[in-house]
2 protein chains.
Amino acid sequence: MDLQRIKYFLALSEELHYWKTAEKVNITQSALSRQIQSLESELGLQLFERNKRNVKLTPAGQFLKEKWEVELSELEYIHQFAKQLHLGERGTITIAHPDSISASIMPDLLAKITDAFPQLQIKLVQVLYENQLEFLKNYKIDLVITRDTNSEPGIKSIKLYSDHLALVVPLDHPFKALGDLSAENLKQQKFILPSKDEGSSYSEIIQAFFKSYDFVPDVFLHSEFGSTIIALVRKGLGIAILPDSYMHHQSPGLRFIPLPFKTDLLINWRADDHNPVLANILKLVFEY
Amino acid sequence: MDLQRIKYFLALSEELHYWKTAEKVNITQSALSRQIQSLESELGLQLFERNKRNVKLTPAGQFLKEKWEVELSELEYIHQFAKQLHLGERGTITIAHPDSISASIMPDLLAKITDAFPQLQIKLVQVLYENQLEFLKNYKIDLVITRDTNSEPGIKSIKLYSDHLALVVPLDHPFKALGDLSAENLKQQKFILPSKDEGSSYSEIIQAFFKSYDFVPDVFLHSEFGSTIIALVRKGLGIAILPDSYMHHQSPGLRFIPLPFKTDLLINWRADDHNPVLANILKLVFEY
DNA sequence: TCCATTAATGCAAAATACGCATTAATAAAT
DNA sequence: ATTTATTAATGCGTATTTTGCATTAATGGA
């Protein structure tokens with residue numbers, strides 16, 4: 001059963017006149033007549049009561065007219081929706097990102113995405129460092145922003161941005177600028193640091209920092225969550241080293257002292273993921 | 001867009017294998033391949049991600065699979081329903097009938113109808129004598145049972161049944177049988193009769209009855225409704241002449257004395273009404 | 001009774017769909 | 001690295017379906 005036939009039927013059911021209908025739908029009267037006939041024989045019922053003079057819907061025809069109008073418009077909507085999925089203008093994508101950029105890069109990126117593709121559904125999730133690539137491979141997430149390069153086959157990634165590291169201290173702390181730091185006074189500080197594996201390259205850079213002052217820090221506490229670390233520093237429980245993206249968070253009472261160390265942000269996705277939504281988002285990211 | 005194509009698509013979306021699917025739907029792999037291709041080009045989107053080795057739904061394909069499954073089953077249901085309308089196994093018909101047969105012929109007839117066509121919706125309405133044919137012509141009712149022949153063009157009718165008239169008296173009334181009636185004692189009775197026009201031929205028969213005893217009745221009250229008349233007779237307010245179908249009503253305390261007069265019941269419908277439901281009901285009625 | 005209208009139909013041409021055989025890409029086996 | 005097996009796509013000739021034109025036949029109105 002061709003949907004075009006149903007459209008012809010609907011046109012005829014409005015006009016109730018073969019000639020006029022045929023003209024309106026741009027076929028000949030003979031073609032229209034046969035289309036209706038084959039529709040009737042396909043359904044095994046009569047759609048119109050007709051003689052050489054009049055055309056009138058049967059009860060079954062009337063019923064089908066009403067129902068088919070609804071079904072066809074539903075189908076049209078469905079096809080349009082599917083087209084948007086195809087173009088990557090609709091659909092869902094799940095993104096994992098580190099807490100550190102939730103107030104800096106992420107809002108900008110998300111604004112850009114929703115601006116370009118307002119129908120897109122974006123799911124943001126927090127994924128522990130150790131699970132990131134596994135979740136990506138298992139289709140639990142489609143895009144993950146990390147601070148660590150990966151060498152997995154099948155996972156593509158590109159550098160998105162470079163962050164400076166910063167020493168985070170309370171406002172009333174004696175450290176005001178990079179020059180205030182020395183091996184001696186650093187030794188007297190209590191440090192609150194990220195867990196060893198919250199982005200291993202990031203951890204390594206922090207180690208490098210301590211090494212440059214040639215001492216082993218007194219680590220008071222490890223936390224995986226930057227916002228927790230910031231709260232602890234604000235309460236005066238210690239000082240921290242964080243990517244300076246955190247400066248964009250609402251953090252009164254804190255001073256960020258930039259350090260000459262950088263940490264990269266990378267965006268990762270499955271190489272074989274052909275979801276058009278992903279393609280569109282990557283396009284936006286690359287423009288970034 | 002042919003629905004058959006969508007069915008092929010759904011089959012392939014289950015199997016995800018052209019050969020197996022083609023075999024299952026009884027076409028060659030080449031035909032299936034082209035069906036899917038033309039479906040894709042019709043929709044302007046890709047349904048499957050495929051190379052020479054693997055077949056996989058795209059997001060749009062996955063979406064359409066789910067939606068089309070629903071739509072197709074809805075359409076199937078609709079077509080089946082329409083088929084039943086065509087066969088007159090479903091649909092609505094509005095029937096008007098006189099009160100007199102609501103406890104005799106009507107229950108039998110309705111039982112027969114619902115037995116043969118359990119899906120049919122029957123609307124029973126009361127229509128005043130004077131409106132019966134007008135309502136029938138104006139499509140307010142489809143079938144009307146009357147006690148009067150009609151000569152309207154475009155209205156067909158056949159005789160359904162013949163009723164005897166009966167004299168209706170309270171049990172304690174001196175009239176016990178037809179022999180008890182005479183011109184003298186009839187004159188002393190108060191009569192409760194139907195309105196002059198509640199089926200004119202019926203009225204005429206009653207007039208004929210009185211004429212046969214050669215007197216003019218003392219008519220205490222006219223009513224269009226048989227059940228009202230019966231109630232009044234039971235209360236002793238007078239005696240009545242009614243079709244003996246009323247015997248089938250629950251009417252304790254009454255005696256029906258059959259009279260040698262008959263009144264016909266006719267069933268009427270529009271000659272040009274091709275509603276299959278009507279045809280089915282008439283078929284049942286004719287068997288009656 | 002005649003005329004105008006109009007849905008159905010015979011027929012040939014055009015368009016479409018199909019099956020067969022083959023090709024080409026790719027994953028698995030050696 | 002090379003071979004083999006699998007399998008979706010495709011070229012081509014055939015079969016089927018659909019179309020338009022012209023005509024027919026039924027019907028309501030003058």
Side-chain angles (χ1 to χ4, degrees), chain A residues 1-58 60-62 65 137 153-154 270-274, chain B residues 1-58 60-62 65 137 153-154 270-274:
Chain A
M1 179 159 327
D2 197 323
L3 293 186
Q4 187 56 47
R5 280 200 180 144
I6 296 181
K7 284 181 190 158
Y8 289 149
F9 161 79
L10 289 178
L12 180 57
S13 75
E14 292 294 334
E15 289 285 346
L16 295 178
H17 192 289
Y18 276 77
W19 272 57
K20 290 181 196 163
T21 306
E23 193 170 11
K24 192 172 271 187
V25 298
N26 290 314
I27 52 172
T28 58
Q29 175 267 328
S30 116
L32 178 61
S33 172
R34 275 185 258 250
Q35 289 277 355
I36 300 294
Q37 281 173 42
S38 43
L39 195 52
E40 285 183 329
S41 83
E42 240 177 322
L43 289 163
L45 54 82
Q46 215 181 323
L47 293 167
F48 295 99
E49 242 181 79
R50 51 199 187 276
N51 48 34
K52 299 263 169 192
R53 204 78 187 168
N54 289 305
V55 181
K56 200 180 124 197
L57 280 166
T58 60
Q62 178 62 36
K65 167 174 150 62
K137 282 170 141 185
R270 291 181 295 279
D272 65 348
D273 187 345
H274 296 123
Chain B
M1 179 159 328
D2 197 324
L3 293 187
Q4 188 56 47
R5 279 196 182 148
I6 296 181
K7 286 180 189 157
Y8 289 149
F9 161 78
L10 290 179
L12 179 58
S13 75
E14 293 292 336
E15 289 285 345
L16 295 177
H17 193 289
Y18 276 77
W19 270 56
K20 290 182 197 163
T21 307
E23 193 171 10
K24 191 173 269 184
V25 297
N26 290 316
I27 53 172
T28 59
Q29 175 267 326
S30 117
L32 179 61
S33 172
R34 274 186 260 251
Q35 290 277 353
I36 299 296
Q37 281 174 44
S38 43
L39 195 51
E40 285 182 329
S41 84
E42 239 177 323
L43 289 162
L45 54 83
Q46 216 181 324
L47 293 167
F48 296 98
E49 239 181 81
R50 52 199 186 275
N51 49 34
K52 299 265 168 189
R53 205 78 186 170
N54 289 305
V55 180
K56 199 181 125 196
L57 281 165
T58 61
Q62 178 62 38
K65 167 173 152 59
K137 282 171 140 184
R270 291 181 296 279
D272 66 349
D273 187 345
H274 296 122

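Proteins get letters first, then strands, A, B, ... in listed order; numbering begins at 1 in each.
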Write down the distance between [atom1] ([X]) and [atom2] ([N]), rounded to a whole number of angstrom.
X	N	atom1	atom2	result
B:Phe48	D:dA9	CZ	P	10 Å
A:Ile36	D:dT19	CD1	P	11 Å
B:Glu23	D:dA8	CD	P	13 Å
B:Tyr18	C:dT23	OH	C1'	17 Å
B:Lys20	D:dT6	NZ	C1'	11 Å
A:Leu47	C:dA8	CG	P	12 Å
A:Leu16	C:dT6	CG	C1'	14 Å
A:Asn54	C:dA8	CG	P	12 Å

Does the [X] side chain pair with the main chain of [Y], one donor and one acceptor, at a distance under 3.5 Å?
X	Y	answer
B:Ser33	B:Gln29	no
A:Thr58	A:Gln46	yes
A:Glu40	A:Phe48	yes

When you check the phosphate oxygens OP1 and OP2 of [N], does a side-chain N or O of [X] lie under 4.0 Å from one of them?
X	N	value
A:Ser33	C:dA8	yes
A:Gln37	C:dT9	yes
A:Arg50	C:dA8	yes
B:Arg5	C:dA17	yes

Any N or O donor-acceptor pair under 3.5 Å from the base of [N] to the side chain of [X]?
X	N	value
B:Ser30	C:dC20	yes
A:Lys52	C:dA7	yes
B:Gln29	D:dA9	yes
B:Arg53	D:dT6	yes

Problem set entry | Option among B:Glu15, B:His17, B:Glu14 that satisfies the side-chain hydrogen bond (donor to acceptor under 3.5 Å, both in side chains) test with B:Lys24 |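 Per the side-chain hydrogen bond (donor to acceptor under 3.5 Å, both in side chains) rule, the option paired with B:Lys24 is B:Glu15, out of B:Glu15, B:His17, B:Glu14.
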
Problem set entry | Residue met sooner reading DNA chain C from 5', once B:Asn26 and B:Trp19 are mapped to nucleotides |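 Whichever sits nearer the 5' end wins; that is B:Asn26.
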
Seminar exercise, completed: From the candidates D:dA8, D:dT27, C:dA8, the one with an atom nearest any side-chain atom of A:Asn51 is D:dT27

Exercise. Would B:Arg34 and B:Ser30 satisfy side-chain contact (heavy atoms from CB on, under 4.5 Å), going step by step from the backbone distance to the final call?
Worked result: CA-CA 6 Å; B:Arg34 274 186 260 251; B:Ser30 117; 3.2 Å; yes

